[in-house]
Amino acid sequence: MKHLLILLLYLTSCVNSQIELKKIQLEPGVEISRQTLSSDGSSFAFKYEKEGKEYLQINDKKIGPFESISVFSLSPDGLRYAIQYDENAAEYFRVDEKVFGPFQNTGRVFFSKDSKSFGVVYFKNSDEKYVQVNEKIFGPFDGSSYDVAIPEDVSKFYFWYNKGKEYFIQWGDKQIGPFEDEPNPTVSKDCSVLGYSYKKEKKSFIQVGDKTFVPFDYAYGPFLSKDASHYAFEFKKDDNTYVQVDKQTFGPYYKISRLSLSDDGLSYSFIYSKDGKHYVLRNEKTYGPYDKVDDIALSYDGSILGIRYVDDEKLYARVNDNIVGPIENVFYPNFSKSGKRIAWQYVKDGGRYIQVDAETFGPFEECTIPTFSADEKNYCFTYSDKTGAYLQYKNKKYGPYPWIEYSHTKENKLVIAYIRKGDNFISLESIK
């Protein structure tokens, strides 16, 4: 009996170590909406209405009242928040306890990956557009990017803007320009190199760091490898379209689209049209001809290529050499962090199916495209039917609930947030 008791205590401690539970109390009688979970799973936020006013609740903290909350977001570490709201016919945004405004219109507030910085674009009036990064304000401008890009190195934030007919790029504290038209800036994932296309004297140019590629009739790109040691872009000359990958040029083509480059720069892919047919080129391999190619997706490491194409008026999906179809619809995939795994969704005979590598799930009435854990060993997805919403993780089903949210943490845990019918609290579970 003593040994049995010890065994039961041991098993109980194992189960408890696998699941940690937290509860968030709700205001009596309120209905929540627009719920979201921070990337690390530490904070859960939702909006609710009470006595004609709107409130935001983050874990047990209540913020408000507001006339109307349009958008809210959490930083990746769950410690900061942003709210965009309307008050007295004007728009405001609030980051933590600090309020900014009034404005005519505000864009979405974005947090950096380290959660320490934020960026936002807004109009003070119809003629004055501003970009703000933390406390630093740029402007007024006549026009600019819809949002400010904040890469891993926060000091390398970037956006474009124009004053009259002159266009510029702001890269951290550096101003680049002027140009004759809207530029197309991008930064390598290691934040070391800025690339962009631009127009000058009615010709198009490509810039990668300090390298300038000769004027073209038209140019788009560049696409950079992680360390910017490799690059790719498209250009037009004498009414023909070409693709350049490092020092190699492909073409001429009538038209190309969806040019992609892997993180290491050793794999590339794009769609091109020739003699009324569509083809996909992936390194040295050509796929096609097809009647039409709608889209392609190249994984980060270049090992997986997905193609959405039409033949004989029927839709198909191809992942490397595996073909599914004919189908009714297919959606852009999610890749694991390295790019070695793929998850996607398609519709066949009215039902929705999920494909994770070679494994198929379904049919479902509604479902999400699975996402992978940081170590890529596990994946998770949600689905719903008339009985409610469910989540599947490690071959285990959770639900039904009215709704369910989840996040993969850096520590390879899964955090789920849900509410049961009749409960006046939200449950957060951390699953190892």
Aromatic ring pairing Phe103/Phe93, orientation class (parallel under 30°, perpendicular over 60°, tilted between):
parallel

Quick test of your reading of the model: are Glu135 and Lys98 salt-bridged, counting only N-O distances below 4.0 Å?
yes

Are Lys340 and Glu376 close enough for a salt bridge, meaning some N to O gap below 4.0 Å?
no

Taking the side chain from Thr241 and the backbone from Lys255, do they hold a donor-acceptor pair closer than 3.5 Å?
no

Closer than 4.0 angstrom, basic N to acidic O: yes or no for Glu366 and Arg352?
yes

Ionic contact status for Asp291 with Lys277, cut-off 4.0 Å:
yes

Give a yes or no on whether the ring-centroid distance for Phe223 and Phe233 is below 6.0 angstrom.
no

Inter-residue atom distance Gln57.CD - Gln25.CD, 0.5 Å rounding
9.0 Å

Asp173/Lys136 ion pair, N-O < 4.0 Å
yes

For Lys113, I'd like to know if atom NZ has over 12 heavy atoms of other residues, nucleotides or ligands within 6.0 Å.
no

With a 3.5 Å distance limit and no angle check, can you tell me whether Ser262 reaches the backbone of Gly302 through a side-chain donor-acceptor pair?
no

When you check the gap from the basic side-chain N to the acidic O, do Arg80 and Asp96 get nearer than 4.0 Å?
yes

Glu67 side chain to Lys53 backbone, donor-acceptor under 3.5 Å
no

Any side-chain heavy-atom pair of Phe44 and Ile58 under 4.5 Å:
no

Result of checking Thr382, Thr371, Thr368 against Tyr406 for side chain to side chain donor-acceptor pair (under 3.5 Å):
Thr371

Taking Arg258 first and then Asp295, would you say they form a salt bridge - that is, a charged N and a carboxylate O separated by under 4.0 Å?
yes

Salt bridge (charged side-chain N to carboxylate O under 4.0 Å, His left out): pairs with one or both residues in residues 306-318, sequence neighbours excluded:
Asp294-Arg308, Arg318-Asp321

With no hydrogens and no angle check, is any side-chain donor or acceptor of Ser117 less than 3.5 Å from a backbone partner on Ser112?
no

Looking at Tyr130, I'd like to know if the NZ or CZ of Lys124 sits under 6.0 Å from its six-membered ring centre while staying within 45 degrees of the ring's axis.
yes

Taking side chain as C-beta onward, heavy atoms only, is Ile416 less than 4.5 Å from Ile431?
yes

Do the ring centers of Phe138 and Phe157 come within less than 6.0 Å of each other?
yes

Give a yes or no on this: more than 12 heavy atoms of other residues, nucleotides or ligands lie within 6.0 Å of atom NZ of Lys50.
no

Which residue is it: Tyr290, Tyr253, Tyr287, Tyr254? I am looking for the one with a ring pair (Phe, Tyr, Trp, His ring centres under 6.0 Å) to Tyr272.
Tyr253

So that I know where these two stand, are Phe381 and Phe361 an aromatic pair - ring centroids less than 6.0 Å apart?
yes

Within 45° of the axis and under 6.0 Å from the centre of the six-membered ring of Tyr300, does NZ or CZ of Lys189 qualify?
yes

Got a sec, which residues hit ring pair (Phe, Tyr, Trp, His ring centres under 6.0 Å) with Tyr346, two or more places apart in sequence or on another chain?
Trp344, Tyr353

Please tell me whether Tyr198 and Tyr167 form a close aromatic pair, meaning their ring centres lie under 6.0 Å apart.
no

Residue pair Leu26 / Ile426, side-chain heavy-atom distance below 4.5 Å
yes

Would a distance-only check, ignoring hydrogens and angles, find a side-chain to backbone donor-acceptor pair under 3.5 Å from Asp142 to Gly164?
yes

Report yes or no: does Asn125 contribute a side-chain atom to a donor-acceptor pair with the main-chain N or O of Asp127 at less than 3.5 Å?
yes

Evaluate whether atom CD of Glu152 has more than 12 neighbouring non-hydrogen atoms of other residues, nucleotides or ligands under 6.0 angstrom away.
no

